[in-house]
Protein chains: 2
Amino acid sequence: MGRPSSFLDETVFAAVANCLVEQGEVRLQAVTATAGVSTGSIYHRFGSREGLMAAAWLDAVAAFQRRFLAALASPEEMPGLAAALVTPAFCREEVGRALILTTGRRAEMMSDKAPPDMRLRLDQLNAQSKAALEAFAREQRLPLARVRLALIGVPLGAVRLYLPAKAVPESLDADISRAVMSLLTRD
Amino acid sequence: MGRPSSFLDETVFAAVANCLVEQGEVRLQAVTATAGVSTGSIYHRFGSREGLMAAAWLDAVAAFQRRFLAALASPEEMPGLAAALVTPAFCREEVGRALILTTGRRAEMMSDKAPPDMRLRLDQLNAQSKAALEAFAREQRLPLARVRLALIGVPLGAVRLYLPAKAVPESLDADISRAVMSLLTRD
DNA sequence: TTTGTTCTAGAAAAAATGTTCTATTATGGG
DNA sequence: CCCATAATAGAACATTTTTTCTAGAACAAA
């Protein structure tokens with residue numbers, strides 16, 4: 001049914017990440033050049049620049065969240081630690097998506113002019129994360145602010161010390177763990 | 001000696017921060033409108049868009065560093081803690097500069113095309129910070145990576161949970177302190 | 001007051017960027 | 001083999017954004 005597509009979304013998203021890191025901004029011309037895809041194809045698939053940016057953002061957020069929620073739900077000796085360590089692992093294993101999440105600005109990636117269905121989807125994902133964190137905080141009898149700091153703020157702050165210039169070292173996990181455990185310990 | 005200037009750098013930098021937060025990007029037209037300054041004046045003072053961005057970035061970095069280095073040098077019961085708490089304080093007391101540092105991308109603010117003297121100045125500032133952190137790590141006999149995480153990564157990750165949408169709450173300091181102390185404790 | 005200097009003002013020009021459009025290519029089904 | 005469909009390609013077009021340029025305003029010193 002029709003001509004098959006000649007490139008993956010993933011390839012374009014990687015180009016977006018690359019531009020974000022190299023030039024600090026996403027120009028369509030730079031994306032097409034990097035990904036080796038024509039402007040016509042970009043518009044055919046994503047509709048507009050806004051659509052492309054929103055798609056890249058959504059893809060990265062969803063991929064991260066899948067791992068994060070799974071880790072948060074899995075039973076552990078130290079509840080929450082696995083979830084905190086998802087961030088550095090994600091940065092090592094899915095560099096492109098991690099770069100979009102760490103160096104992309106939300107207001108720029110998912111602007112007011114982005115397709116409404118995509119904005120809705122993002123809101124849904126955010127609500128899901130929020131609910132999961134609140135449930136965790138309740139179960140553990142810890143303040144929500146501290147849980148957010150431990151599971152998101154600290155790991156993100158940690159990997160940003162390296163990205164986008166350097167790879168996230170394995171040794172970072174031990175330091176993250178130390179900080180996270182201190183935050184997730186009740187008094 | 002010539003006509004006096006009718007606006008402060010600060011006013012323009014605040015407009016840059018505002019654009020960064022509101023639109024996720026810095027358009028000169030938006031800056032001139034927000035700051036109430038003509039394009040002619042912007043070019044007269046900053047030379048180009050790149051020059052303006054570099055100036056705003058440099059101003060924010062320098063302001064932060066002044067406080068950070070002072071705190072790091074001041075004697076304390078818990079060495080380094082005061083330095084870690086500079087970040088949330090900076091976000092409360094110098095919001096515009098904090099927004100530039102937290103939401104601006106370095107590659108965009110200080111691009112390759114920025115004035116060479118400004119790029120040099122930034123390199124000098126970075127070298128200064130690096131040296132201070134290394135000295136601190138040596139004195140405290142702690143790994144440099146852990147010191148960087150404690151004094152920069154954690155506080156930055158913490159305030160980013162709030163900025164740019166919300167104010168950084170006072171209660172955050174206690175949580176940051178907890179995490180930082182666990183990282184700065186040997187063994 | 002005149003002169004020299006520095007700054008502001010904003011429209012015009014130039015450059016860069018995003019979008020549309022038509023032609024073309026690749027695939028499957030009738 | 002021909003048709004319908006769906007995708008690619010890239011030049012032409014439209015829009016947006018940056019930059020330049022000329023005129024004029026504010027101030028100090030002579």
Side-chain angles (χ1 to χ4, degrees), chain A residues 1-57 104-105 107-116 118, chain B residues 1-57 104-105 107-116 118:
Chain A
M1 321 258 195
R3 178 174 180 173
S5 52
S6 68
F7 61 93
L8 301 171
D9 285 2
E10 190 189 333
T11 304
V12 184
F13 297 160
V16 168
N18 186 69
C19 293
L20 221 38
V21 171
E22 294 300 325
Q23 283 119 56
E25 57 194 346
V26 182
R27 295 277 128 94
L28 230 40
Q29 181 186 6
V31 172
T32 59
T34 305
V37 169
S38 68
T39 59
S41 296
I42 296 288
Y43 274 81
H44 180 71
R45 190 172 300 188
F46 301 105
S48 67
R49 181 182 181 278
E50 306 290 342
L52 166 61
M53 300 291 271
W57 184 252
R105 275 188 290 265
E108 185 186 12
M109 301 296 294
M110 185 69 74
S111 76
D112 300 335
K113 286 171 277 178
M118 290 193 161
Chain B
M1 303 155 138
R3 179 175 178 170
S5 53
S6 69
F7 62 93
L8 300 172
D9 285 2
E10 190 189 333
T11 304
V12 184
F13 296 160
V16 168
N18 186 69
C19 293
L20 220 40
V21 172
E22 295 300 325
Q23 282 117 56
E25 59 193 346
V26 181
R27 295 278 127 95
L28 231 40
Q29 181 187 4
V31 172
T32 59
T34 305
V37 169
S38 69
T39 60
S41 295
I42 295 287
Y43 274 81
H44 179 72
R45 190 172 301 187
F46 300 104
S48 67
R49 180 181 182 279
E50 306 290 342
L52 166 62
M53 300 292 271
W57 184 252
R105 277 189 289 266
E108 185 186 13
M109 300 296 294
M110 183 70 73
S111 77
D112 300 335
K113 286 172 278 178
M118 289 192 162

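Each chain gets a letter, A, B and so on, in the order the sequences are listed, and its residues count up from 1. The model shown is predicted, which means the values in this text are computed figures rather than measured ones.
- Residue pairs satisfying the side chain to side chain donor-acceptor pair (under 3.5 Å) criterion with at least one member in residues 42-53 of chain A, sequence neighbours excluded, are listed as follows: D9(A)-R45(A), E50(A)-S111(A).
- Qualifying side chain to side chain donor-acceptor pair (under 3.5 Å) partners for S38(A), counting only residues two or more places apart in sequence or in other chains: S41(A).
- Residues A54(B) and P115(B) come closest through the heavy atom pair CB-CD, 4.4 Å.
- Listed by residue number, F7(B) are the residues of residues 7-23 of chain B with a heavy-atom contact under 4.0 Å to DNA chain C.
- By the side-chain contact (heavy atoms from CB on, under 4.5 Å) test, E25(B) is found to be paired with Q23(B), R27(B), residues two or more places apart in sequence or in another chain being considered.
- Note that the first and last nucleotides of DNA chain D, 5' to 3', having any atom under 4.0 angstrom from a heavy atom of chain B are dT17(D) to dA28(D).
- Here the CD-CD distance, from E108(A) to E108(B), works out to 7.0 Å after rounding to the nearest 0.5 Å.
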Which letters describe nucleotides 16-26 of chain C, given B = protein heavy atom under 4.0 Å from base, S = only from sugar-phosphate, - = neither?
-> -SSBB----BB
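- From Q29(B), atom CD reaches atom CD1 of I42(B) across 13.0 Å, with rounding to the nearest 0.5 Å.
- The side-chain contact (heavy atoms from CB on, under 4.5 Å) check on T11(A) picks up L8(A), A35(A), with sequence neighbours excluded.
- For the pair A56(A) and M109(A), the tightest heavy-atom approach, listed with the atom from each and the gap, is CB-CE, 4.2 Å.
- Shortest non-hydrogen contact noted between L20(A) and V26(A) is CD1-CG2, 3.5 Å.
- Of the residues near DNA chain D, G36(A) and A30(B), the one whose nearest nucleotide (by heavy atom distance) lies more toward the 5' end is G36(A).
- Looking at residues two or more places apart in sequence or on another chain, you find a side-chain contact (heavy atoms from CB on, under 4.5 Å) between A55(A) and F13(A), F46(A), M118(A).
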